Q: 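One structure is given below, represented as structure tokens, and several questions about it will come after.
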Amino acid sequence: MTAPAALAHVQIELGERSYAIAIGAGLLADASAWESLPRAQAALIVSNTTVAPLYAQQLHDALRPHYPQIHQVVLPDGEEHKNWQTLNLIFDALLQHGCDRKTVLFALGGGVVGDMTGFAAASYMRGVPFVQVPTTLLAQVDSSVGGKTAINHPLGKNMVGAFYQPERVVCDLSTLNTLPARELSAGLGEIIKYGPIADMAFLDWIELHLGELRACDPSALAHAVKRSCEIKAWVVGQDERETGLRAILNFGHTFGHAIETGMGYGAWLHGEAVGCGMVMAAQLSQRLGGVDTAFVQRLTNLVNAAGLPVRAPVLDAADNAGRYLELMRVDKKSEGGEIRFVVLDGPGKALVRAAPDVMVREVIGACCA
Ligand code: NAD
Ligand code: GLY
């Protein structure tokens with residue numbers, strides 16, 4: 001199964017903020033992927049120390065016909081740098097280059113670069129256009145789409161940010177060839193997520209094609225990215241600002257964010273924490289009567305086979321469940337101090353609800369290494 005991945009488009013329908021996601025191999029070098037960009041005197045490529053040496057020149061070449069001036073800022077790499085200090089480097093570059101409010105920002109990298117560039121675009125001169133050029137699997141199937149932008153706070157993940165949609169998303173599948181296997185697995189975590197919350201046929205497909213996905217087969221990746229973006233587009237198109245439905249995209253994230261914050265940003269990859277968090281959320285769903293133990297086992301097996309952890313870390317030897325609960329209270333879904341979880345209400349169907357502390361403690365006890 002190694003047929004070349006043809007160019008595909010997924011449309012995000014958001015009225016005047018609608019945009020297209022282009023998905024295909026070799027798009028950085030394909031002029032057709034860069035037509036009809038927002039017009040401006042200047043573009044700023046935002047990347048990091050790992051991705052810029054690999055792909056910034058190609059992006060620069062693609063943008064040269066469209067912008068008289070192309071600037072670049074290279075951020076430090078890592079989740080631990082997703083903060084105010086690093087965000088400020090983008091503003092420094094914009095101001096030092098005299099960038100006006102038409103300047104277009106291009107986020108070249110994974111979800112960290114994408115989330116920070118989007119937040120910078122939302123706030124520089126109260127809003128400038130930006131384009132997502134995601135280069136990790138996770139960013140191509142999730143973070144580059146839907147307009148959530150943010151930085152972390154030491155007390156909570158993604159706690160400071162804005163909803164701000166890109167003008168376009170360009171997913172060049174060829175960039176995934178340089179992605180380390182651990183990062184590929186992290187992206188698989190977010191792909192798997194779409195099955196239990198919305199599309200059981202997609203879950204069947206992932207189980208069947210997991211080997212090809214882990215081997216970076218172009219056709220398998222193209223299908224997984226496209227189907228993931230379609231599901232995300234369907235959800236975001238109905239609930240852009242997460243007043244309801246969109247929260248289902250956070251399946252596994254309440255536990256996962258607690259793991260990321262509790263372990264220190266960067267120790268567990270976001271996709272790893274989400275993978276393990278989905279196992280925990282499935283266990284909670286089973287205790288709440290939404291799915292049976294066979295389904296929990298099926299999901300656990302798939303997360304494990306994707307190369308992701310299924311046992312959660314101990315965050316506090318003295319009061320582990322208490323520490324998880326404390327961290328999970330700092331969650332955007334919490335209301336009045338009550339933690340709300342995305343749980344399964346049957347395979348392929350998710351909802352948001354609170355759960356008794358005692359039950360959550362049981363899950364943490366059962367899942368921790
Ligand atoms: P990341 O951005 O840290 O990228 C992972 C690593 O891969 C980094 O070291 C990066 O430099 C490197 N890399 C990127 N592309 C590469 C390539 N083609 N070849 C080699 N190395 C490459 O992590 P991520 O998993 O992409 O994103 C995680 C972030 O996304 C988290 O901060 C998470 O909160 C956020 N996120 C946001 C949303 C959203 O809706 N906005 C959704 C999911 C996750
Ligand atoms: N990744 C969750 C969302 O975009 O809503």
Side-chain angles (χ1 to χ4, degrees), residues 5-25 27 32-33 35-38 107 110-111 114-115 117-118 121-122 129-150 158 161-173 175-176 187-206 213 219-253 270-271 274 342 348-352:
L7 177 64
H9 283 99
V10 175
Q11 184 73 8
I12 303 272
E13 296 293 353
L14 289 170
E16 61 183 14
R17 293 183 308 291
S18 298
Y19 55 95
I21 306 163
I23 302 162
L27 295 190
S32 69
E35 285 164 1
S36 312
L37 288 166
D115 279 13
T117 306
F130 86 112
V131 173
Q132 289 272 16
V133 190
T135 62
T136 63
L137 183 59
L138 184 142
Q140 295 189 352
V141 300
D142 191 352
S143 65
S144 66
V145 174
K148 278 190 180 174
T149 76
N158 291 337
F163 286 100
Y164 194 69
Q165 300 296 340
E167 300 289 320
R168 181 181 306 186
V169 182
V170 180
C171 296
D172 184 342
L173 301 171
T175 60
L176 303 179
L188 292 174
E190 296 281 17
I191 292 173
I192 291 168
K193 168 187 83 178
Y194 292 112
I197 63 166
D199 184 352
M200 287 301 290
F202 188 40
L203 193 73
D204 296 341
W205 182 91
I206 297 166
L213 290 169
S219 296
L221 283 174
H223 179 74
V225 173
K226 181 166 181 277
R227 186 65 197 133
S228 299
C229 288
E230 282 169 353
I231 296 170
K232 184 149 187 185
W234 174 78
V235 173
V236 172
Q238 294 175 76
D239 181 22
E240 181 185 8
R241 297 177 79 91
E242 199 168 307
T243 55
L245 178 71
R246 184 166 178 168
I248 67 169
L249 296 174
N250 287 321
F251 180 56
H253 286 57
H270 176 72
V274 167
V342 182
K349 209 168 141 216
L351 52 78
V352 181

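Values below: every heavy atom of this structure, side chains too, minus hydrogens, waters and symmetry copies. All figures in this text were calculated on a predicted structure; none of them were measured in a lab.
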Q: Working to the nearest 0.5 angstrom, can you tell me the gap between Ile191 CD1 and Leu137 CG?
A: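 It is 4.0 Å, given to the nearest 0.5 Å.
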Q: Locate the shortest heavy-atom distance separating Leu213 from Ala224; write the atom from each residue and the value.
A: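 What the structure gives for the nearest pair is CD2-CB, 3.8 Å.
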Q: Indicate the atoms forming the closest heavy-atom contact of Ala233 with Val10, along with that distance.
A: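 In terms of heavy atoms, the two residues are closest at CB-CG1, 4.1 Å.
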Q: Any chance you could measure Ile192, atom CD1, to Leu203, atom CG, to the nearest 0.5 Å?
A: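 The distance works out to 7.5 Å.
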Q: Any side-chain to backbone donor/acceptor pair from Arg246 onto Val236? Under 3.5 Å, distance only.
A: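 Judged by distance alone, no pair lies under 3.5 Å.
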Q: Taking all non-hydrogen atoms of both residues, which atom of Pro166 and which atom of Ser144 are closest, and how far apart?
A: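 Taking Pro166 first and Ser144 second, the nearest heavy atoms are CG-O, 3.9 Å.
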Q: State which residues pass side chain to side chain donor-acceptor pair (under 3.5 Å) with Glu230; sequence neighbours excluded, sorted by chain then number.
A: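 Lys226, Arg227.
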Q: Under the 3.5 angstrom rule, does the side chain of His253 hit a backbone N or O of Phe251 as a donor-acceptor pair?
A: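 Answer holds: yes.
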Q: Measuring from Ile248:CD1 to Glu242:CD, what's the distance to the nearest 0.5 Å?
A: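 One gets 10.0 Å once the value is rounded to the nearest 0.5 Å.
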Q: What verdict does the side chain to side chain contact (heavy atoms under 4.5 Å, CB included) test give for Ile23 and Gln140, after you've listed the backbone C-alpha separation in whole Å, the side-chain angles of each residue and the deciding distance to 0.1 Å?
A: CA-CA 9 Å; Ile23 302 162; Gln140 295 189 352; over 6 Å; no
Q: Check whether Glu167 reaches the backbone of Val131 with its side chain - one donor and one acceptor, N or O, closer than 3.5 Å.
A: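 Here the side-chain-to-backbone pair does not exist.
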Q: What pairs with Arg168 under side chain to side chain donor-acceptor pair (under 3.5 Å), at least two apart in sequence or on another chain?
A: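 Arg168 satisfies side chain to side chain donor-acceptor pair (under 3.5 Å) with no other residue.
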Q: First locate atom CZ of Arg17, then atom CD1 of Ile12, and finally report the distance between them rounded to the nearest 0.5 Å.
A: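 Rounded to the nearest 0.5 Å, the CZ-CD1 separation comes out at 12.0 Å.
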Q: Could you tell me which non-hydrogen atom of Leu14 sits nearest to which non-hydrogen atom of Gly237, and how far apart they are?
A: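 For Leu14 versus Gly237, the nearest heavy atoms are CD2-CA, 4.1 Å.
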Q: Checking Tyr164 now: which residues fulfil side chain to side chain donor-acceptor pair (under 3.5 Å) with it, not counting sequence neighbours?
A: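 So Tyr164 forms no side chain to side chain donor-acceptor pair (under 3.5 Å) with any residue.
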Q: Applying salt bridge (Lys or Arg N to Asp or Glu O under 4.0 Å) as the test, list every pair that has at least one member in residues 129-143; sequence neighbours left out.
A: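 Salt bridge (Lys or Arg N to Asp or Glu O under 4.0 Å) check on residues 129-143 returns Asp142-Lys193, Asp142-Lys232.
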Q: Taking all non-hydrogen atoms of both residues into account, name the closest pair between Ser228 and Val141 and its distance.
A: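 Taking every non-hydrogen atom into account, CB-CB, 3.7 Å.
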Q: Roughly how far apart are Trp234 CH2 and Leu245 CG, rounded to 0.5 Å?
A: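 One gets 5.5 Å once the value is rounded to the nearest 0.5 Å.
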Q: Treating Ser18 as the side-chain partner and Gly15 as the backbone partner, does any N or O pair qualify as donor plus acceptor under 3.5 Å?
A: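 Yes; at least one donor-acceptor contact below 3.5 Å.
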Q: Taking it one step at a time, do Cys171 and Leu27 satisfy side chain to side chain contact (heavy atoms under 4.5 Å, CB included)?
A: CA-CA 7 Å; Cys171 296; Leu27 295 190; 5.6 Å; no
Q: Of all the heavy-atom pairs spanning Ala350 and Val342, show the shortest one and how long it is.
A: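 The pair with the smallest heavy-atom distance is CB-CG1, 4.0 Å.
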Q: The criterion is salt bridge (Lys or Arg N to Asp or Glu O under 4.0 Å); which residues satisfy it with Asp239, sequence neighbours excluded?
A: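 So Asp239 forms no salt bridge (Lys or Arg N to Asp or Glu O under 4.0 Å) with any residue.
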Q: Roughly how far apart are Leu221 CG and Leu188 CG, rounded to 0.5 Å?
A: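 The distance works out to 8.0 Å.
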Q: Holding to side chain to side chain donor-acceptor pair (under 3.5 Å), I want the full list of residues that pass it with Asp115, two or more places apart in sequence or in another chain.
A: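 Counting only residues at least two positions away or on another chain, Asp115 forms a side chain to side chain donor-acceptor pair (under 3.5 Å) with Lys82.
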Q: Quick one: does Gln11's side chain have a donor or acceptor within less than 3.5 Å of a partner on Ile21's backbone?
A: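 No; judged by distance alone, with no hydrogens or angles, the pair does not exist.
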